[in-house]
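Here the structure comes first, spelled out in structure tokens, and everything after it is commentary.
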Amino acid sequence: PLNVAEARVQLARDERDSEHLDAAARAIDRMVVLIEDILQLAQEGERIDELETIDLGTLCTDCWEAVDTAEATLTVGAERSIRTDRSRLRQLLENLYRNAVEHGTESVHVTVGPLEDGFYVADAVPGIPPAERDAIFESGYSTRDDGTGFGLAIVAEIAEAHGWEVGVTESDSGGTRFEFTDVEFV
């Protein structure tokens, strides 16, 4: 039904311009994002049984290219092979990248780096106050009026499905740093 509504709104927009049709198209786009996020969250609760060896640095770069990052930049210093579910790790990284871009300014810089038993994803976006750090991984938590509140919940679910620990702290630049530990290296 959502696809039908989307197609009908597009046909109507082709026939005439209307701010009402533009608003309807934005609402439909928003519903598509919400549905995709909810479906992804529902699927992430399952433990991962089949892992493959991937190069973390290469996957980080590939994921960056899949997200609309505007003027943001990425530095990858985590050149390691890890055991993971490629599809779910892609979702984790893309959610973190998207989160940094959406909460930052035009010149956001994201860094992926190594930890002794894992890796981190850090940004220069204004950091998360310590009192809110546990809440950010809860479904529905968002600091934006137009946020779904599922992005970081999905990140936590993916980490848990891998058997990883996920934590959040302040980055060196005063932003946010997500740390993933108990990662299996090759």
Side-chain angles (χ1 to χ4, degrees), residues 2-3 29-69 72-104 108-123 125 128 133-142 147-169 171 175-186:
L2 196 54
N3 289 336
D29 289 345
R30 181 81 177 120
M31 286 300 302
V32 168
V33 169
L34 283 169
I35 290 168
E36 288 172 354
D37 283 352
I38 290 169
L39 287 173
Q40 185 70 33
L41 184 61
Q43 295 168 351
E44 295 309 330
E46 300 173 16
R47 180 114 179 123
I48 297 170
D49 294 323
E50 294 196 29
L51 303 175
E52 63 181 292
T53 301
I54 61 111
D55 179 77
L56 180 59
T58 300
L59 186 64
C60 288
T61 303
D62 290 348
C63 293
W64 185 258
E65 293 170 3
V67 174
D68 181 10
T69 55
T73 57
L74 173 70
T75 300
V76 178
E79 305 296 331
R80 299 174 138 172
S81 291
I82 64 171
R83 302 278 297 150
T84 186
D85 177 297
R86 179 185 304 269
S87 174
R88 289 192 186 179
L89 183 56
R90 282 189 70 90
Q91 184 69 44
L92 179 148
L93 292 167
E94 289 173 6
N95 282 8
L96 290 176
Y97 294 164
R98 197 172 298 112
N99 194 63
V101 170
E102 289 175 359
H103 288 86
V108 171
H109 183 75
V110 175
T111 303
V112 180
L115 295 171
E116 185 175 317
D117 61 342
F119 64 95
Y120 68 85
V121 179
D123 60 47
V125 176
I128 299 168
R133 290 182 183 160
D134 288 335
I136 65 169
F137 295 115
E138 295 174 8
S139 293
Y141 178 86
S142 180
T148 64
F150 295 121
L152 293 178
I154 291 169
V155 166
E157 290 286 339
I158 293 170
E160 183 179 323
H162 278 87
W164 302 343
E165 293 293 322
V166 60
V168 64
T169 187
S171 69
T176 305
R177 177 170 149 152
F178 294 91
E179 297 182 343
F180 301 91
T181 55
D182 297 331
V183 175
E184 183 181 346
F185 295 104
V186 179

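Quick note: residue numbers are just sequence positions, from 1.
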Evaluation steps, salt bridge (Lys or Arg N to Asp or Glu O under 4.0 Å), between E102 and R98: CA-CA 6 Å; E102 289 175 359; R98 197 172 298 112; 5.0 Å; no
Applying side-chain contact (heavy atoms from CB on, under 4.5 Å) to V110 and W64, what does each step give before you reach the verdict? CA-CA 10 Å; V110 175; W64 185 258; 3.9 Å; yes
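Between the T69 side chain and the E65 main chain, no donor and acceptor come within less than 3.5 Å of each other. Of the possible polar contacts, one joining the D123 side chain to the T176 backbone as a donor-acceptor pair under 3.5 Å is found. Formation of a donor-acceptor pair under 3.5 Å by the H162 side chain with backbone atoms of D85 is found in this model. Under the 3.5 Å distance criterion, the side-chain polar atoms of Y120 are left unmatched by any main-chain donor or acceptor of T111.
Summarising the geometry, atom CG belonging to L115 is positioned 11.0 Å from atom CG belonging to D182; distances are rounded to the nearest 0.5 Å. If you take CG on D62 and CD on E94, they are separated by 9.5 Å, rounding to the nearest 0.5 Å. The structure places SG of C63 at 9.0 Å from CG of L56, a figure rounded to the nearest 0.5 Å. One distance of note links CG of N95 with CZ of F178; it measures 10.5 Å at 0.5 Å rounding.
For the pair V166 and A156, the tightest heavy-atom approach, listed with the atom from each and the gap, is CG1-CA, 4.2 Å. Taking every heavy atom of both residues into account, E79 and G57 meet most closely at OE1-CA, 3.8 Å. Shortest non-hydrogen contact noted between R80 and F185 is NH1-CZ, 2.9 Å. Nearest heavy-atom pair, V76 versus C60, reported as atom, atom and distance to 0.1 Å: CG2-CB, 3.9 Å. Across all their heavy atoms, A78 and G113 have their closest contact at CB-C, 3.8 Å.
Residues forming a ring pair (Phe, Tyr, Trp, His ring centres under 6.0 Å) with F180 (at least two apart in sequence, or on another chain): F119. Residues forming a side-chain contact (heavy atoms from CB on, under 4.5 Å) with N99 (at least two apart in sequence, or on another chain): H103, L152. Residues that satisfy the side chain to side chain donor-acceptor pair (under 3.5 Å) test with D55, not counting sequence neighbours, are T58. Scored by the salt bridge (charged side-chain N to carboxylate O under 4.0 Å, His left out) test, E52 finds R86 as partners (sequence neighbours excluded). With sequence neighbours excluded, the residues forming a side-chain contact (heavy atoms from CB on, under 4.5 Å) with S171 are A122, S173, R177, listed by chain and number. Remark: T53 pairs with R83 by the side chain to side chain donor-acceptor pair (under 3.5 Å) rule, at least two apart or across chains. The side-chain contact (heavy atoms from CB on, under 4.5 Å) test applied to T73 returns H109, not counting sequence neighbours.
No side-chain heavy atom of I158 sits less than 4.5 Å from a side-chain heavy atom of L89. Side-chain contact between D68 and V101 is absent, with no heavy-atom pair separated by less than 4.5 Å. Here the side chains of Y97 and L74 are in contact, with some heavy-atom distance below 4.5 Å.
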